[in-house]
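Excluded from the calculations below are hydrogen atoms, water molecules and symmetry mates; all remaining heavy atoms, backbone and side chain alike, are included.
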Amino acid sequence: MIHFSDNNSRLVYSTEKGRICQKCGKAQDACQCRKKAAAAPGDGIVRIKRETKGRKGKGVTLITGTGLDPEALKQLAKQLKARCGSGGTVKNGQIEIQGDHRDMLAEELKKEGFTVKRAGG
């Protein structure tokens, strides 16, 4: 491994290991930093709200408080996007679905066994 005396230099890629984690210096496959970031514990209630702030007037439906790990959250988002027939993403432990689908998403989440509450009006 190459060590630089300058603190501003660091290894970011190795032909042996691939990409290197900036925090722990291990290969990203063996990195423990990201695995520690578990889902934030909530109160057990999934909240659904519509938001347009910072989206140039385009509305999205936000789903928060699921308490799922990142992989399960991605799977749930995929299922909900398919049900709504629209796009979306997972950001910061929240599911964002394009458009206003609050009623449909509330029913789907209730079928999955979640306690659902509409938030924000």
Which one of K110, E112, K111 satisfies the side chain to side chain contact (heavy atoms under 4.5 Å, CB included) criterion with F114? E112
Could you measure the distance from the CD1 atom of I45 to the OG1 atom of T64? Nearest 0.5 Å is fine. 10.5 Å
Which value, rounded to the nearest 0.5 Å, describes the distance between D69 atom CG and K74 atom NZ? 10.5 Å
Nearest 0.5 Å, what's the CG-NZ distance between L76 and K81? 11.0 Å
Shared hydrophobic cluster, V46 / L73 (ILVMFWY, side-chain heavy atoms < 4.5 Å): yes
I20 meets the side chain to side chain contact (heavy atoms under 4.5 Å, CB included) criterion, sequence neighbours left out, with L11, S14, K17
Taking the side chain as everything from C-beta on, heavy atoms only, tell me whether I95 gets closer than 4.5 Å to L105. no
Apply the side chain to side chain contact (heavy atoms under 4.5 Å, CB included) test between L62 and each candidate in R102, K91, E51; give the one that qualifies. E51
Rounded distance (nearest 0.5 Å) linking atom NZ of K49 with atom CD of Q94: 7.0 Å
Is the shortest heavy-atom distance from the side chain of L80 to the side chain of M104 under 4.5 Å? no
Within one Ile-Leu-Val-Met-Phe-Trp-Tyr cluster: V60 and L109, side-chain cutoff 4.5 Å: no
Nearest heavy-atom pair of R50 and G59: which atoms, and what distance? NH2-CA, 4.1 Å
